[in-house]
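Residue numbers run from 1 in the order of the sequence given.
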Amino acid sequence: MTGVNWLVEITAESILQCRVGAITAPPPVVGVSSAFDPGSISNATLSNANLTATRSNTSTGGARSISYQSSGKYYFEVTVGASHGSTDFVGVMAASYGYFPAVNGNTGSGVGVWLGSGSIVSNGGPSGSVGAAASATGSVIGVAFDADNQRIWFRLNGGNWNGIGTADPATNTGGASYPVAAMAPAVAFSPYGSPIVGDNLTANLGASAFSGSVPFGFTLGWPP
């Protein structure tokens, strides 16, 4: 009888855990996905349902979504196909922000990661690091964008947010601030370093499963 009672207790505990998980877990958001806008590209081409931006020459260029968000919390990822520009950029931009300021460190309304160093640059200045260079083929940059608090977090291959063990988008801890403006996902190709025609970056704005876990309370993807 002791063995039977023990089994019943485990079953009850499992049921309780499932119920608690169902209550505390954020509801999934299905079908939330935008893409890069063909009208936004500069010295680049788009493919893969406008989710892959490919460098077409070694000048400054890039691509962006034109779905600018000024409220809400969103998570997306960008996978490196190839990156050889030292300040190739993955992040978010305001409509007024250009690709050259993004890769050159000029002030303006944008924040992102420079892949060659892993540095996080916000409004033209340093604002942390993802912990290592992020330019290796297959690297995945996770981005948690909190428009409600004007904060943003980046991580490399599922590592620490902004390279800090205590940073956490779910609790609004340790994020980088950004200029108060509506922002949209963007990538930019740098003329610095050793850029190569064909370098490419692919965004996942919610059209497929993410490689990393989505922070509690954040929408899975970026709305169109």
Side-chain angles (χ1 to χ4, degrees), residues 33-68 76-124 126 129-143 145 152 154-157 178 183-208 210-212 221-222 224:
S33 177
S34 58
F36 294 134
D37 180 69
S40 76
I41 61 174
S42 174
N43 296 321
T45 59
L46 293 179
S47 59
N48 184 30
N50 293 337
L51 292 172
T52 298
T54 299
R55 179 194 287 274
S56 58
N57 61 49
T58 57
S59 299
T60 303
R64 70 175 84 193
S65 165
I66 56 171
S67 174
Y68 296 97
F76 67 95
E77 295 177 344
V78 175
T79 299
V80 177
S83 172
H84 295 88
S86 59
T87 57
D88 284 351
F89 172 100
V90 169
V92 295
M93 295 180 181
S96 61
Y97 201 50
Y99 300 123
F100 184 73
V103 302
N104 196 52
N106 293 350
T107 57
S109 297
V111 54
V113 174
W114 280 349
L115 299 180
S117 63
S119 298
I120 298 170
V121 180
S122 178
N123 198 29
S129 169
V130 293
S135 58
T137 296
S139 292
V140 178
I141 309 299
V143 184
F145 174 81
I152 191 167
F154 300 91
R155 67 183 175 194
L156 173 61
N157 297 328
Y178 65 85
M183 299 282 194
V187 299
F189 295 113
S190 166
Y192 310 118
S194 304
I196 297 175
V197 173
D199 283 352
N200 62 92
L201 303 167
T202 297
N204 182 355
L205 303 178
S208 58
F210 293 116
S211 67
W222 195 276

For [X] against [Y], the heavy-atom pair lying closest together:
X	Y	result
Met93	Ala102	CE-CB, 3.6 Å
Ala53	Val187	CB-CG2, 3.9 Å
Ser122	Val111	CB-CG2, 3.6 Å
Val80	Ser135	CG1-O, 3.5 Å
Thr60	Ser42	O-OG, 4.0 Å
Ser56	Thr45	CB-CG2, 4.5 Å

Within this structure, what is the [atom1]-[atom2] distance for the pair [X] and [Y], rounded to the nearest 0.5 Å?
X	Y	atom1	atom2	answer
Ser67	Phe36	OG	CZ	12.5 Å
Leu51	Ser208	CG	OG	8.0 Å
Phe189	Asn57	CZ	CG	10.5 Å
Ser139	Asn157	OG	CG	5.0 Å

Task: Which residues share a ring-ring contact (aromatic ring centres under 6.0 Å, His included) with Phe210, sequence neighbours left out - done: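 ring-ring contact (aromatic ring centres under 6.0 Å, His included) list for Phe210, sorted by chain: Tyr75.
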Looking only at atom types and distance, does a side-chain atom of [X] sit under 3.5 Å from a main-chain N or O of [Y], one as donor and one as acceptor?
X	Y	answer
Asn200	Gly198	yes
Thr137	Gly81	yes
Trp114	Asn104	no
Asn123	Gly108	yes
Asp199	Arg55	no
Trp222	Gly206	no
Ser34	Pro224	no
Glu77	Leu205	no

Task: Aromatic ring proximity, centroids under 6.0 angstrom, Phe145 and Tyr178 - done: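 Aromatic pair counts; centres sit under 6.0 Å.
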Open item on the list: Within a 6.0 Å radius of atom CD1 on Ile66, are there more than 12 heavy atoms belonging to other residues, nucleotides or ligands?
Closed with: no
Whether the [X] and [Y] side chains hold a donor-acceptor pair (N or O, under 3.5 Å, no angle test) is what I'd like checked.
X	Y	value
Ser83	Asp88	yes
Thr52	Thr202	yes
Ser117	Ser119	yes

May I ask you to test the [X]-[Y] pair for a side-chain heavy-atom distance under 4.5 Å?
X	Y	answer
Ile196	Thr58	no
Pro191	Val103	yes
Phe154	Ile141	yes
Thr79	Leu201	no
Leu115	Val90	yes
Phe76	Asn204	no

- [ ] Please assess Val78 against Val143 for the test side chain to side chain contact (heavy atoms under 4.5 Å, CB included), listing each intermediate value before the final yes or no.
- [x] CA-CA 8 Å; Val78 175; Val143 184; 5.5 Å; no
Task: Pi-cation contact, Tyr99 with Arg64 (under 6.0 Å, within 45°) - done: yes
